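Quick notes on the structure that follows.
Below, chains carry the letters A, B, ... as their sequence lines are ordered, and counting in each starts from 1. What you see is a predicted model; the values in this text were computed from it and never measured.
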Protein chains: 2
Amino acid sequence: MNNQLASKAEAIRMLQERDINPTQQRIVIAQLLFARPQHMSAEQVLMNVQDSGVHVSKATVYNTLSLFAEKGLVKEVIVDPTKVFYDSNIVPHHHFFNIDNGQLSDIDDASLQLQAMPQLPDGTQLDGVDVIIRVRGQQQAQA
Amino acid sequence: MNNQLASKAEAIRMLQERDINPTQQRIVIAQLLFARPQHMSAEQVLMNVQDSGVHVSKATVYNTLSLFAEKGLVKEVIVDPTKVFYDSNIVPHHHFFNIDNGQLSDIDDASLQLQAMPQLPDGTQLDGVDVIIRVRGQQQAQA
DNA sequence: TTAACTCTTTAGAAAGAGTCTATTTCCCAT
DNA sequence: ATGGGAAATAGACTCTTTCTAAAGAGTTAA
């Protein structure tokens with residue numbers, strides 16, 4: 001289903017750009033995530049990577065996704081109380097979340113803008129803004 | 001710390017308004033939640049309720065919070081990957097979430113408006129819109 | 001080539017939130 | 001009082017995520 005990967009060379013380049021030591025496991029995970037812009041849970045990453053032949057442990061998947069998030073290579077999306085999604089599209093954008101089928105999809109950035117940024121609580125700095133539009137109903141599977 | 005409760009009469013009234021059978025356990029949980037507008041996790045509810053003398057089991061806390069959410073008495077807030085918060089303020093509003101200390105606070109609704117609602121995915125209906133502004137840094141404890 | 005060192009990966013145990021199940025308790029109408 | 005349905009309970013269980021202690025890989029220095 002999801003078997004095409006980004007090229008190894010490109011994955012390595014992306015890792016090095018962010019000062020991430022390009023180990024075998026990190027390269028394979030990057031190849032998977034950056035095959036195309038998408039949202040994956042840790043479990044999905046684990047399953048897909050293992051299909052690709054390279055052995056990667058569960059702990060390494062979690063470590064690697066956390067590292068990628070910390071280095072800005074992917075973005076964590078918190079919408080489903082049961083698991084974290086990792087988004088390989090780091091261009092600023094927001095999400096639809098279908099509460100019936102758990103499907104997460106992007107909102108075109110142009111079609112959603114905040115009118116103004118409210119005053120932040122004292123002593124805090126902005127980290128990011130997440131807009132989640134929750135929808136119900138069986139949407140078509142994405143192409 | 002958090003020992004004042006809403007009155008029993010008021011709690012019963014709120015439950016009945018939403019067609020919820022006002023049992024002992026549900027009343028105590030409602031008294032706790034509606035003492036003031038606030039955000040609580042299931043675990044916090046469990047601990048606070050047990051302090052108040054009435055015995056309530058963990059399962060009942062989870063069942064009750066789900067029921068309250070389903071009936072529109074509270075709103076689930078998904079911001080922290082490790083737990084769900086229940087918000088007893090159901091007036092439409094959005095949230096600041098401090099990623100350093102886990103503190104959740106309300107955004108004055110007037111200060112944050114979306115410019116336009118994007119087109120929803122085919123076959124879906126709107127369920128709700130959540131805006132979360134993530135901040136960093138040690139904010140002062142709330143009064 | 002080996003030795004020393006650091007960084008990464010690993011299996012499996014453990015933590016923590018939330019759910020489930022089978023049983024008991026509660027409450028009310030008869 | 002009693003029969004019945006709704007609610008509550010203890011505790012086992014599931015699932016995601018984190019931790020731990022040990023093994024492996026890669027690099028440099030001699």
Side-chain angles (χ1 to χ4, degrees), chain A residues 11-12 15-16 18-32 39-50 52-71 73-87 99 102 104, chain B residues 8 11-12 15-16 18-32 39-50 52-71 73-87 97 99 102 104:
Chain A
I12 292 173
L15 295 178
Q16 286 176 336
R18 304 263 176 176
D19 289 312
I20 298 170
N21 187 357
T23 65
Q24 278 215 350
Q25 288 81 347
R26 289 169 182 172
I27 292 168
V28 182
I29 293 173
Q31 283 184 267
L32 172 65
H39 315 101
M40 299 188 88
S41 66
E43 198 214 359
Q44 286 178 301
V45 170
L46 182 60
M47 282 178 25
N48 277 278
V49 159
Q50 287 179 340
S52 83
V54 185
H55 176 89
V56 179
S57 70
K58 192 170 54 153
T60 296
V61 168
Y62 279 95
N63 289 342
T64 301
L65 290 172
S66 295
L67 178 69
F68 284 9
E70 185 192 312
K71 297 287 190 177
L73 210 51
V74 299
K75 195 172 167 338
E76 294 182 342
V77 183
I78 316 292
V79 279
D80 180 331
T82 72
K83 61 171 91 66
V84 175
F85 285 101
Y86 292 87
D87 190 343
I99 60 177
L104 188 61
Chain B
K8 196 160 175 173
I12 291 173
L15 296 177
Q16 287 176 334
R18 304 266 176 171
D19 289 313
I20 297 170
N21 187 358
T23 65
Q24 278 215 349
Q25 287 82 348
R26 288 169 183 170
I27 292 168
V28 184
I29 293 174
Q31 284 185 266
L32 172 67
H39 315 102
M40 299 188 86
S41 66
E43 197 213 359
Q44 286 178 300
V45 170
L46 182 59
M47 283 179 24
N48 277 278
V49 159
Q50 287 179 340
S52 83
V54 186
H55 176 88
V56 179
S57 70
K58 187 170 63 152
T60 296
V61 168
Y62 278 96
N63 289 341
T64 300
L65 290 171
S66 295
L67 178 69
F68 285 7
E70 186 191 315
K71 297 287 189 177
L73 210 50
V74 298
K75 193 169 169 342
E76 293 182 342
V77 183
I78 316 293
V79 278
D80 180 331
T82 72
K83 63 173 91 65
V84 174
F85 285 102
Y86 292 86
D87 189 343
F97 182 65
I99 60 178
L104 188 61

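- Atom CG in B:Asn21 sits about 10 Å away from atom P in D:dA6, given to the nearest Å.
- Nearest heavy atom pair, residue A:Tyr86 against residue A:Ala69, reads CE2-CB, 4.4 Å.
- A close approach under 4.0 Å does not occur between any side-chain nitrogen or oxygen of A:Thr82 and OP1 or OP2 of D:dC15.
- With hydrogens and angles ignored, no donor-acceptor pair under 3.5 angstrom links the side chain of B:Lys58 to the base of D:dG11.
- For the pair B:Gln24 and A:Leu67, both in contact range of DNA chain C, the more 5′-proximal nearest nucleotide belongs to A:Leu67.
- Contact between B:Ile29 and B:Thr60 at its shortest, heavy atoms only, is CD1-O, 4.5 Å.
- With rounding to whole Å, A:Leu46 atom CG is found 10 Å from C:dT10 atom P.
- Rounded to whole angstrom, the span from the CD atom of A:Gln50 across to the P atom of C:dT9 amounts to 14 Å.
- Between B:Leu15 atom CG and D:dA7 atom P there is a gap of 12 Å when expressed in whole angstrom units.
- Listed here is the closest heavy atom pair of B:Gln44 and B:Phe85: OE1-CE2, 4.3 Å.
- Considering all non-hydrogen atoms of both residues, B:Pro22 and B:Ile27 come closest at O-CD1, 3.5 Å.
- Closest to the side chain of A:Ala59, out of D:dT9, D:dT16, D:dC19, is D:dC19.
- Taking side-chain N and O atoms only, B:Tyr62 has no distance below 4.0 Å to OP1 or OP2 of C:dT19.
- Of the candidates C:dT9, D:dT16, C:dT10, D:dT16 carries the atom nearest the A:Lys83 side chain, counting heavy atoms from C-beta on.
- Put simply, B:Thr23 has a side-chain N or O that comes within less than 4.0 Å of OP1 or OP2 on D:dA8.
- Distances shorter than 4.0 Å separate none of the side-chain N or O atoms of B:Gln25 from OP1 or OP2 on C:dC26.
- Protein atom CG of B:Asn63 is 13 Å distant from nucleotide atom P of C:dT21, rounded to whole Å.
- With A:Gln50 contributing its side chain and A:Val56 its backbone, the two residues share a donor-acceptor pair below 3.5 Å.
- Between A:Asp19 atom CG and C:dT8 atom C1' the separation is 17 Å, expressed in whole Å.
- Using a 4.0 Å cut-off, no side-chain N or O of A:His55 falls inside it from OP1 or OP2 of C:dT9.
- Taking atom CD1 on A:Ile78 and atom C1' on C:dA17, their separation rounds to 15 Å, with Å as the unit.
- We find that CD of A:Gln44 is positioned 16 Å from P of D:dC15, with the value rounded to whole Å.
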